[in-house]
There are 2 protein chains.
Amino acid sequence: MGLVKDKLYQQEDVQLATLAKALAHPARVAIIKFLLKQKACVCRTIVDEIGLAQATISQHLKVLKNAGLIQGTVEGTSVCYCIDYTALQQLLDLFDGLDLTTSEQCC
Amino acid sequence: MGLVKDKLYQQEDVQLATLAKALAHPARVAIIKFLLKQKACVCRTIVDEIGLAQATISQHLKVLKNAGLIQGTVEGTSVCYCIDYTALQQLLDLFDGLDLTTSEQCC
DNA sequence: TCTATTTATCGTAAAATTACGATGAATGGA
DNA sequence: TCCATTCATCGTAATTTTACGATAAATAGA
């Protein structure tokens, strides 16, 4: 999509869509859930947990990282991943902003 | 993805990912927001509002409909679309189920 | 009946996603 | 130093997404 098309959408809509897209795959949802549950969050552990190839998990982690949902810290040969609660909270706030109170069915 | 791979994921994770995927495009977020705001929700109005081709909007509406987020009722030559609050609430519930209280940063 | 309007669907092209093996970089330990 | 482990990235193939024009179906109204 070029520059013109980008102007079609409000920034907030793009934000919400981007965050939703990051969670638009069951593997990434599982990763987020696992990181929420787990304290230790070395990449290798995630690979064992989910059951996909290491390269694939690494790709999913990159998506989550780019969306700001997780962050990683190098620890020796490993990388420790954990939730970025700021972005996750932002996602929830955007959902709250939808305001479902107008629940008058029109059709 | 074949049958074996499907077993990799918990049903709840697939549900959340599917609903998130439906919102993973700014046009669809904009449509949902518009439908929440608007009472009148004829398809033609959405096309004018968003600024994409009619065929493209129809495709996005189909995605939202398949996800259960909206429903459509035929009214003469038009189709009246509106939010399905059940599915939208389900999405919010799934997010609430994530339980962010464990907010102890590990890295 | 004829025409205009609305909407879904088809066909299609371009781009993005997903998955994996292979490889390379970095580190820790023998 | 050498080897094993961990992780990111590259290259690639298959699939999905996205967008649009063209077209067909359905209805409302003249």
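Residue numbers begin at 1 in each chain, while the letters A, B, ... track the order of the sequences.
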Whole angstroms only, please: what is the [atom1]-[atom2] distance between [X] and [N]?
X	N	atom1	atom2	result
A/L52	C/dG21	CG	P	11 Å
A/I57	D/dC7	CD1	P	11 Å
A/K65	D/dA8	NZ	C1'	10 Å
A/Y9	D/dA19	OH	P	5 Å
B/R44	D/dA26	CZ	C1'	17 Å
A/Q54	D/dT9	CD	P	11 Å
B/I46	C/dT7	CD1	P	8 Å
B/L64	D/dT17	CG	C1'	14 Å

Please determine, for the side chain of [X], which listed nucleotide ([options]) has the closest atom?
X	options	result
A/H25	C/dA19, D/dT6, D/dT18	C/dA19
B/T77	D/dT5, C/dT7, C/dT5	C/dT5
B/Q59	C/dT18, C/dT7, D/dC20	D/dC20
A/S58	C/dT7, D/dT5, D/dT9	D/dT9
A/A53	D/dC7, C/dC20, C/dT6	C/dC20

Heavy-atom side-chain contact between B/L98 and A/L36 under 4.5 Å = yes
Non-hydrogen side-chain atoms of A/H60 and A/I50 separated by less than 4.5 Å = no
Decide side chain to side chain donor-acceptor pair (under 3.5 Å) for B/Q90 and B/Q15; before the verdict, give the C-alpha distance in whole Å, the side-chain angles of both, and the deciding distance to 0.1 Å.
-> CA-CA 10 Å; B/Q90 186 199 1; B/Q15 273 178 31; 3.0 Å; yes
Specify the residue among A/R28 and A/V74 whose closest nucleotide of DNA chain C lies further upstream toward the 5′ end.
-> A/R28
Closer than 4.0 Å, any side-chain N/O of [X] to the OP1 or OP2 of [N]?
X	N	answer
B/Y81	C/dT6	no
B/K21	D/dT17	yes
B/H60	D/dT17	no
A/T56	C/dC20	yes
A/K62	D/dA8	no

Distance from A/D84 atom CG to A/I70 atom CD1, nearest 0.5 Å?
-> 9.5 Å
Could you tell me whether A/V42 contacts a base, only the sugar-phosphate backbone, or nothing, with contacts defined as non-hydrogen atoms closer than 4.0 Å?
-> sugar-phosphate
B/L69 pairs by side chain to side chain contact (heavy atoms under 4.5 Å, CB included) with which of B/V63, B/L64, B/I83?
-> B/L64
